[in-house]
Amino acid sequence: MKVLVCDPIDKESVEGLKKIPGFTVEVKTGMTKEELIKVVPDYNVLIVRSATKVTKEVIEAGKNLKIVLRGGVGMDNIDIPAAKAKNITVDNTPEASSISVAELTLGMMLSMARKLHVADASTKQSKWEKKKFEGSELYQKTLGLIGIGRIGSEVAKRCQAFGMSVIAYDPYIKPDMAKQMNVTLTSNLDELYSKADYISLHIPLTKETTNMLSTAQFEKMKNGVRIVNCARGGIIDETALANAIKAGKVAGVALDVYSQEPVPADSPLLKLEQCLLTPHVGASTFEGQARVGGALVKKLKDLTGKN
Ligand code: NAD
């Protein structure tokens with residue numbers, strides 16, 4: 001089996017792949033679409049993270065492709081119907097980065113509560129703005145979670161440890177699961193909007209969730225609500241969000257993902273102090289990367305019967 005690793009994965013995992021009997025592994029990251037189309041006919045397995053786009057053209061050029069493996073969650077960079085049509089197996093390693101994303105979410109909530117990112121920039125300019133940086137506590141606040149799967153449930157646990165109560169909207173999970181997590185499950189998003197001090201999104205980007213948070217939804221939220229999106233860009237209408245911040249409705253927002261990545265220089269979000277922005281680093285921790293790599297090796301062994 002000839003394996004091509006198209007996006008960076010940790011070195012130990014590349015060594016782990018090379019140790020699978022009968023596997024030849026090459027790493028070529030940062031290829032253009034044209035370069036990938038040129039080399040893909042030589043390989044049986046493609047390993048990607050989020051950067052490489054496995055388009056219909058790539059799949060059609062991959063005459064010998066049998067498996068496309070995505071390290072991490074979300075397979076929106078792979079044309080799954082095109083792969084299915086050619087009997088190519090597509091799989092991912094969804095659990096590996098959950099803790100990293102959950103911890104980033106908590107970091108963002110704490111940073112918004114205490115304005116850490118803004119206070120840091122101010123203090124480094126030799127200012128001493130104690131009054132400006134009076135913050136608030138997470139204690140006894142309500143977190144509204146939209147999506148309570150792998151990452152949402154880890155966020156719930158951590159917020160409960162801070163003394164927050166958690167209300168969640170997820171029409172696809174069983175009420176028993178929410179009960180076990182000590183989370184109030186609601187089937188009414190408006191209830192969540194009206195109760196939550198913090199709202200955090202942990203859902204996939206689908207037709208149903210595209211622009212799920214826009215002007216009408218912001219209007220239903222508490223004044224001063226704070227919002228986190230470490231899930232997928234496109235779930236929040238960014239123009240409506242910028243307007244809701246300027247109008248004082250939304251007190252803070254922390255985003256790791258955007259409708260366009262990298263964020264375009266003219267995005268209104270870049271100019272607002274209330275926005276805490278990171279460049280899609282939810283899964284980018286030493287431990288998360290190692291876990292993703294280990295899971296890729298295991299999955300490939302399972303899929304090829306080499307276990
Ligand atoms: P998951 O599948 O375990 O959980 C998603 C949950 O969303 C499920 O419980 C599902 O029932 C629910 N859901 C689906 N549609 C919904 C809707 N319309 N309304 C409410 N709930 C809905 O996924 P996960 O591993 O927890 O990942 C959550 C998100 O985080 C995904 O979008 C994933 O791509 C993203 N993610 C981002 C990063 C990053 O780097 N920032 C890293 C990993 C994952």
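Numbering of residues begins at 1 and proceeds along the displayed sequence. In listed order, ligands and their atoms are each counted from 1.
Phe23 CZ: more than 12 foreign heavy atoms inside a 6.0 Å radius. At most 12 heavy atoms of other shown residues, nucleotides or ligands fall within 6.0 angstrom of atom CZ in Arg114.
Atom numbering of ligand 1 starts at 1 in the shown order; those under 4.0 Å from a heavy atom of Glu208 are 18 (N). In summary, the atoms of ligand 1 found under 4.0 Å from a heavy atom of Ala283, numbered by their order in the structure, are 40 (O).
Distance from atom 19 (N) of ligand 1 to its nearest protein heavy atom, with residue and atom name: Tyr169 CE2, 3.5 Å. For atom 8 (C) of ligand 1, the closest heavy atom belonging to the protein is Asp170 OD2, 3.4 Å. When only non-hydrogen protein atoms are considered, atom 42 (C) of ligand 1 lies nearest to Val101 CG2, 3.3 Å. Atom 20 (C) of ligand 1 has Pro171 CD, 3.4 Å as its closest protein atom, hydrogens excluded (heavy atom only). Nearest to atom 4 (O) of ligand 1 among the protein's heavy atoms is Gly149 CA, 3.4 Å. Closest to atom 37 (C) of ligand 1 among all protein heavy atoms lies Cys230 O, 3.2 Å. Nearest non-hydrogen protein atom to atom 15 (N) of ligand 1 is Tyr172 CE1, 3.4 Å.
The proximity of Thr209 to ligand 1, defined as any non-hydrogen pair under 4.0 Å, is limited to the side chain. The backbone and the side chain of Arg150 each have at least one atom closer than 4.0 Å to an atom of ligand 1 (non-hydrogen atoms only). Of the heavy atoms in Ile203, both backbone and side-chain atoms come closer than 4.0 Å to ligand 1. Only the side chain of Ile173 comes within contact range of ligand 1, with a heavy atom under 4.0 Å; no backbone atom does.
Hydrophobic clustering (ILVMFWY, side-chain heavy atoms < 4.5 Å, transitive): Leu69 and Val14 are in one cluster. The hydrophobic clustering, which links ILVMFWY residues whose side-chain heavy atoms are closer than 4.5 Å, places Ile99 and Val155 apart. Taken together through direct or relayed side-chain contacts under 4.5 Å among Ile, Leu, Val, Met, Phe, Trp and Tyr, Ile245 and Met212 form part of one hydrophobic cluster.
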Mind running side-chain hydrogen bond (donor to acceptor under 3.5 Å, both in side chains) on Thr186 and Glu191 for me, showing each step along the way?
-> CA-CA 7 Å; Thr186 178; Glu191 184 191 358; 2.6 Å; yes

Show your reasoning for whether side-chain hydrogen bond (donor to acceptor under 3.5 Å, both in side chains) applies to Tyr43 and Glu26.
-> CA-CA 10 Å; Tyr43 297 93; Glu26 286 176 60; 3.0 Å; yes

Take Lys19 and Glu15, measure what salt bridge (charged side-chain N to carboxylate O under 4.0 Å, His left out) needs, and give me the verdict at the end.
-> CA-CA 6 Å; Lys19 283 184 191 143; Glu15 293 313 309; over 6 Å; no

Salt bridge (charged side-chain N to carboxylate O under 4.0 Å, His left out) assessment of Lys132 paired with Glu273 = CA-CA 12 Å; Lys132 180 174 174 186; Glu273 194 180 80; 3.2 Å; yes

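Considering Arg49, His280, Met177, His202 only, the shortest heavy-atom separation from atom 5 (C) of ligand 1 involves His202. When the options Ser284, Gly282, Ala231, Ser153 are ranked by their closest heavy atom to atom 36 (N) of ligand 1, first place goes to Ala231. The closest heavy-atom contact to atom 27 (O) of ligand 1, among the options Ile151, Val155, Val292, comes from Ile151.
Residues Gln160 and Val183 meet the side-chain proximity criterion, which asks for heavy atoms closer than 4.5 Å. Two residues are said to be in side-chain contact when any heavy atoms from C-beta on lie closer than 4.5 Å; Val73 and Ser97 meet this criterion.
Residue-ligand proximity: Ser97 is placed with a non-hydrogen atom under 4.0 Å from ligand 1. At a 4.0 Å cut-off, not a single heavy atom of Ser98 sits close enough to ligand 1 to count as contact.
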